[in-house]
A.B. asks: 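Got a structure for you, written out below as structure tokens; questions coming shortly.
These numbers come from the heavy atoms of this one structure, side chains and all, not from hydrogens, waters or symmetry mates. Within every chain, numbering begins at 1; the chains are lettered A, B, ... in the order of the sequence lines, protein sequences first and strands thereafter.
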Amino acid sequence: MARKRGRGMAACWYGIARTAVIDRAAAWAELDDGGSAKIVTGVTEIGEGILTVLAQIAAHEMGVKPEHVVIGDNDTARAPEASHAGASRQTYMIGNAVALASREARKRLVEVVADAWGVEADTIRTGNGEIWAEHTNHRMPMGEAVHLSKSRGVVPVGSASFGTDTTGLDPVDGSGRPWQAYVFGAQVAEVEVDTITGEVQVLGIWAAHDVGRAVNPQGVEGQIEGGIVQALGQALMEDYKLTDGRTTTSGLAKYILPTALDVPRVNSIIIEDPDPIGPLGVKGVGEPAMVPTIPAIMNAIYDAVGVRITDLPATPEKVLMAIREKEQRNAMQA
Amino acid sequence: MPDLQFTATINGRKVSRNGKPHQRLLDFIRDDLNLTGNKEGCGAGECGTCSVFVDGVLMKSCLMPLAKAQGKTIETVEALAKTGELSVLQKAFHKAGASQCGYCIPGMVMAATAALRANPFADREEIKERLGGNICRCTGYQKIFDAVEMARDVQNGSLPATALFEDEAEEGDFIGKNIRRIDAPSKVSGRLKYAADMIMPGLLHVQVLRSPHAHARILSIDTSAAEAMDGVEAVITSADVPGEDGFGVFVNDQPVMARGKVRYVGEAVAAVAAEDPLIARRALGAIKVVYETLPAVFDPDEAMRPGAPVLHDYAPDNVTKHIPIRVGDVENGFAESDLVVEEIYSTQPIEHAYLEPEAGLAYVDHDGVVTIVSPDQNVTHHRHMLARIIAKPISKVRFIMSPVGGGFGGKEDMIYQGMLALLAMKTQRPVRLVFTREESIVSTAKRHPSRTVLRMGLASDGRIRAFQMKMLCDGGAYGLSTEGVMRKAAILAAGPYVIPNVKIDTIGVYTNNTPSGAFRSFGALQTAFATESHLDICAERLGLDPFQIRRINAMRDGALTHTKAKLGSVSLTRALDAVEKASGWETGAPVSRGASRSDLNSDEIRPPCALGARFAAAEKQEAAE
Amino acid sequence: MLTCDNYLTPSSLDEAFDAMAEHRGHYRIVAGATDTLPWAREGRAGDVHIPAMIDVTKIPELRQLSVNDNRVRLGAATPIQRFLDDRSLVRTLPAMPRCAVWFADDQIRAQATVGGNIVNASPAADATPCLIAHAAEVELAKKSDGNIGRRRMTLDQFVTGPNRTALEDGELLIAIECDSLPGYGGSFEKVGHRRSLVISLVCLATLVKLDAQSQRIEDVRLSIAGIGPKPLRLAEVETFLRGAAISPERLEQAADMPASFVASRTRQQYRREVVRGFMLRGLINASRSAGADLTMLAPELEVACA
């Protein structure tokens with residue numbers, strides 16, 4: 001058979017939030033009119049799905065529906081600092097800050113409603129746009145409860161700051177506490193190598209990643225699937241080429257990216273080992289998702305055709321020439 | 001040049017206007033009709049974001065001179081949800097989670113619409129083939145395929161329409177639920193405006209003059225001819241910076257525009273604001289820069305040698321950052337090892353290639369607040385830096401993040417917002433800059449290329465006794481995130497394994513290459529490539545299964561990391577167990593046993609792509625006729 | 001960026017030639033524009049100003065398609081997509097569908113023209129070797145002294161080198177004519193760094209006609225691109241195979257023959273390696289497509305290339 005299959009695996013770990021520096025994020029929350037809620041924070045949605053995650057967290061904590069959560073723009077003159085999009089940090093830092101701010105807003109509302117109903121605050125429950133007191137007939141839509149609160153002079157707002165307990169690294173031996181949350185993962189890759197052309201196709205990846213707690217599992221899968229394909233691009237086809245500081249790959253015809261026809265089927269397994277420090281138990285996944293992929297693919301190529309690629313990308317030329325060299329070496333030894 | 005009298009039917013309405021002969025259909029629909037749903041992701045027909053229907057056939061409108069569309073019937077993405085209700089396909093994209101940054105999505109939705117129009121029963125392989133002209137950088141495509149299959153099934157009745165609805169959540173418990181993305185409807189409909197889609201009254205257009213040299217002194221810049229051109233409102237250089245010129249993520253070593261010298265091909269040297277982009281572009285040609293080329297260095301090893309050209313005075317050895325990690329004594333560790341393996345691994349520079357090229361607007365508002373609107377990954381830090389650069393208090397500097405069409409770390413650096421601020425201040429008018437794809441590739445950060453020497457010593461039972469790694473990275477002309485990348489790489493390099501003797505050195509070096517910066521997974525990807533490949537090499541020599549060698553060395557609850565931090569719960573073995581089980585992995589040493597293993601070819605992989613899926617469908621149809 | 005003063009869309013050959021004469025020295029002919037617009041960009045030609053763009057795709061003769069069992073005539077402005085969606089072309093040009101499905105993507109195929117692809121003569125142009133395998137000829141026309149004169153030559157004569165053709169100043173490519181080969185089996189082998197929108201390094205078009213028992217090769221055409229400055233018809237190999245029974249020995253000997261022709265300037269070793277495998281694969285795929293039952297005839301071959 002000219003087309004040979006193989007499998008490889010790799011493991012990874014990653015730190016969540018900014019490295020070796022104290023990270024911080026703040027949020028403002030308001031239970032608003034008509035069963036809606038407002039969240040304002042310096043959130044940087046770049047496609048990873050953080051807006052939806054925050055809407056879910058706010059809805060969950062404040063007792064409204066996610067589609068009724070309005071999130072303010074990321075505007076330095078209108079929103080509290082939540083730092084940047086990077087370090088797989090936003091679900092952890094901003095998610096936790098939003099949870100805490102939401103709880104404070106809810107607490108303000110609950111105190112007023114409890115007083116109005118003559119019940120203990122800890123018997124009040126909220127969810128899906130409604131508020132009720134356990135073991136009683138007291139129940140009303142959230143919009144009404146907010147109106148009640150405001151008529152008593154209390155606007156149900158809350159705010160919170162969430163920070164990390166981390167240190168810098170020693171300049172000599174690197175010792176220190178760079179993160180307070182770590183995640184772990186592992187992937188298996190199955191490839192097919194065409195020994196006539198050297199082309200490698202990645203047919204399947206199984207990916208198990210610890211995310212602490214998955215707020216939106218479909219979103220977690222999206223991060224894993226997208227990260228894997230980015231890594232695949234680096235593994236097999238992408239190469240920004242420079243000669244004397246000048247690039248020959250200035251456009252997407254020469255700098256080639258994976259298309260719909262190049263991607264494996266990704267089977268994601270979400271592992272939840274909750275973070276004990278933050279209020280939600282969440283951690284992160286954006287970057288760890290792509291850390292084991294390249295070695296898993298290279299190990300799979302080795303499994304398929306016995307060649308070890310140590311210099312990326314593993315283009316058809318490299319793979320085919322490595323296969324031929326191996327055949328020649330084997331022939332000489334025989 | 002005489003105008004082009006253009007008439008066509010666009011989204012059901014007859015349009016009759018003058019265009020310019022050099023316009024492409026994409027320019028006309030976006031700039032003249034303000035239909036900004038379809039995008040210019042590359043302008044060269046590679047990415048598909050510009051895909052529109054022309055007389056019912058899907059085409060790339062960035063490749064269509066306007067005159068070609070004369071008299072035709074055009075449908076842009078706005079045509080799909082014209083009544084305000086999303087099409088079945090758009091709803092399916094929403095339900096399946098197929099939209100992330102959203103920039104590829106309008107074009108992708110058009111391609112998916114074309115696919116199902118061509119074959120309403122297309123299988124997954126044919127769907128992939130018909131989407132082959134549309135690039136997505138965020139999703140990995142999987143949920144896009146899921147969405148198209150879902151729409152196909154709803155349209156042909158094998159799935160009920162309710163399949164597209166939001167899942168119910170009991171008792172308001174929304175954590176752990178697949179709530180549909182709240183920003184997806186605006187993205188699948190094309191209604192969301194990104195920076196390049198935004199216009200303001202009185203807008204000026206910006207173009208940037210970039211260095212043709214990798215290393216050169218700037219002897220003089222004469223902007224007078226450019227400034228005198230009709231339609232040019234202002235030209236700026238580093239001379240226009242009123243405050244402390246310098247920005248960066250860890251070290252403020254980068255000027256807003258080249259100051260005194262240029263350090264890489266593509267570095268910004270000057271910028272023009274004019275009434276339209278073509279005038280601005282022509283004005284660039286009228287700026288006279290006199291350079292004196294300097295010896296340049298393109299290799300990090302060479303850059304560290306005495307006598308190499310120095311890029312930044314503060315770093316005479318061209319080392320941006322060196323991070324050491326030390327545990328125990330590796331020499332003892334190797335001496336105790338039964339197996340010592342050394343190998344060299346190298347990785348290439350990688351372009352982020354987000355579908356949205358950089359773009360941004362700036363204006364000075366009625367309170368004198370200098371406002372930047374751009375797809376910016378770090379508005380917080382940028383506000384600080386810009387305030388210092390333009391010598392204004394923080395309260396007079398405002399950064400607003402526009403929707404980001406992909407970031408991955410490439411929109412972390414403040415490489416154009418400073419120029420926008422200065423031009424807005426100089427002209428007292430709103431200004432907008434839209435990068436071409438080529439400009440984005442040439443001038444912005446890349447993933448650090450790396451060359452890693454890894455030496456591992458193990459006992460015959462598989463325990464790692466010593467881990468020694470030296471990773472040298474080309475940081476390019478400016479610091480950007482090099483320090484952070486070296487640090488993260490060093491901390492994570494030895495992997496989640498208990499190792500008594502560790503010596504890691506990660507070194508980032510200045511060269512006259514394109515700067516390297518933040519890119520998703522930030523150095524850990526490069527070291528993991530080395531470490532995880534190496535473990536398999538060692539496993540083969542010791543006759544151990546790859547999972548086994550990792551379990552033998554795995555950190556567990558309460559382990560100490562290589563920076564001597566104590567971990568809490570460690571889920572590594574859970575992840576290993578889970579993926580081993582899910583993949584049905586057949587145990588065995590990695591001796592290149594692909595030909596004999598029995599765990600291959602399950603139904604959890606996709607078929608290899610041989611192209612021609614549509615032939616099978618066509619043959620079936622012919623046979624039926 | 002491409003700018004122009006005039007974008008002309010002549011609706012007849014006369015109009016086109018008149019426009020070319022009027023703008024002599026200051027025009028560029030454009031068909032699908034799918035090569036021209038990407039060319040006028042940074043990193044390639046950069047900003048280009050052409051006073052007159054002359055778009056030939058509205059000229060009726062360039063859009064004509066005529067197909068019968070003897071001959072196929074394609075107007076130069078025929079979109080590449082026709083090779084996939086026009087049943088008569090699929091039937092009569094058996095290697096073209098697989099060539100077309102590898103060509104860019106659906107959107108570009110709908111716009112790119114076969115004439116534009118040929119005149120551009122990119123070394124990576126896949127349609128050219130495939131058409132050469134179908135014994136394609138080009139018809140060219142030029143206007144002098146008020147009369148339109150035509151001439152013809154084979155496609156492999158027309159392409160003279162990388163990005164070079166025999167097209168004269170003031171001349172237009174009108175049509176491509178080639179053999180109509182219903183009943184042949186066709187294949188197209190190509191290697192690329194990914195599966196779509198990919199520039200090929202080496203590609204091979206193969207056409208095979210079998211005898212009535214489907215055991216002998218009655219006719220074979222082989223055309224390869226990427227191993228030299230222009231696409232090659234492998235006439236020697238064709239002669240070697242014509243009339244031969246399909247056997248592993250014969251096919252392997254045939255596969256060994258082109259390696260000595262590889263004269264590319266870059267990645268020579270790789271191209272040599274790939275060519276041999278492509279020859280086998282191409283012949284096997286085309287034979288199978290022509291109706292050969294390889295599991296009966298040459299089982300080990302089938303397996304070797306799978």
A.B. asks: Using heavy-atom distances under 4.5 Å, tell me whether B:Pro449 contacts chain A through its side chain, its backbone, both, or neither.
C.D. replies: neither
A.B. asks: In terms of side-chain geometry, is the basic nitrogen of A:Asp303 or B:Arg597 positioned less than 4.0 Å from the acidic oxygen of its partner?
C.D. replies: yes
A.B. asks: What part of A:Val193 gets closer than 4.5 Å to chain B, counting heavy atoms only: side chain, backbone, both or neither?
C.D. replies: neither
A.B. asks: Less than 4.5 Å apart, side chain to side chain, heavy atoms only: is that true for B:Tyr497 and A:Trp13?
C.D. replies: no
A.B. asks: Could you report the tightest heavy-atom contact between B:Pro324 and A:Pro171, atom names first, then the distance?
C.D. replies: CG-O, 3.2 Å
A.B. asks: At a heavy-atom distance under 4.5 Å, which candidate from A:Ile270, A:Asp273, A:Val172, A:Thr44 has the highest pair count against chain B?
C.D. replies: A:Asp273
A.B. asks: Would you say B:Glu540 and A:Tyr302 are linked by a side-chain donor-acceptor pair, where the criterion is simply a distance under 3.5 Å?
C.D. replies: yes
A.B. asks: Please examine the side chains of A:Met9 and B:Leu576, heavy atoms only from C-beta on, and report whether any two atoms are closer than 4.5 Å.
C.D. replies: yes
A.B. asks: Just give me the residue among A:Pro274, A:Ala289, A:Gly227, A:Ala87 that pairs up with chain B most often, heavy atom to heavy atom, under 4.5 Å.
C.D. replies: A:Gly227
A.B. asks: Are any side-chain N or O atoms of B:Arg520 and backbone N or O atoms of A:Gln230, one a donor and one an acceptor, separated by less than 3.5 Å?
C.D. replies: no
A.B. asks: What are the two closest non-hydrogen atoms of B:Arg181 and A:Gly47, and how far apart are they?
C.D. replies: NH1-O, 2.8 Å
A.B. asks: Contact between B:Ile537 and A:Arg308 at the side-chain level, heavy atoms closer than 4.5 Å - yes or no?
C.D. replies: yes
A.B. asks: Could you measure the distance from the OG atom of B:Ser571 to the CD1 atom of A:Ile271? Nearest 0.5 Å is fine.
C.D. replies: 6.0 Å
A.B. asks: How about A:Glu48 and B:Gln100: does a side-chain donor come under 3.5 Å of a side-chain acceptor?
C.D. replies: no
A.B. asks: Any non-hydrogen side-chain atom of A:Val263 less than 4.5 Å from a side-chain atom of B:Phe145?
C.D. replies: yes
A.B. asks: Check whether any side-chain heavy atom of B:Arg574 lies under 4.5 Å from a side-chain heavy atom of A:Asp210, and answer yes or no.
C.D. replies: no
A.B. asks: Do A:Asp244 and B:Phe298 come close enough that some side-chain heavy atom pair is under 4.5 Å?
C.D. replies: yes
A.B. asks: What is the distance from atom CG of A:Asn299 to atom OG of B:Ser592, rounded to the nearest 0.5 Å?
C.D. replies: 11.5 Å
A.B. asks: Go through the steps to decide whether B:Lys143 and A:Glu221 satisfy the test salt bridge (charged side-chain N to carboxylate O under 4.0 Å, His left out), and finish with yes or no.
C.D. replies: CA-CA 9 Å; B:Lys143 294 189 185 324; A:Glu221 287 170 0; 2.7 Å; yes
A.B. asks: For A:Arg7, is there an ion pair with B:Asp599 - N to carboxylate O distance below 4.0 angstrom?
C.D. replies: yes
A.B. asks: Salt bridge check, A:Arg265 against B:Glu125: does any charged N sit closer than 4.0 Å to a carboxylate O?
C.D. replies: no
A.B. asks: Under 4.5 Å between any side-chain heavy atoms of B:Leu567 and A:Trp179, yes or no?
C.D. replies: no
A.B. asks: Check step by step if side-chain hydrogen bond (donor to acceptor under 3.5 Å, both in side chains) holds for A:Glu238 and B:Gln348.
C.D. replies: CA-CA 8 Å; A:Glu238 294 178 40; B:Gln348 75 285 45; over 6 Å; no
A.B. asks: Do B:Ile175 and A:Leu280 have side-chain heavy atoms sitting under 4.5 Å apart?
C.D. replies: yes
A.B. asks: Determine the minimum heavy-atom distance between B:Ser521 and A:Val291, stating which atoms define it.
C.D. replies: CB-CG2, 3.8 Å
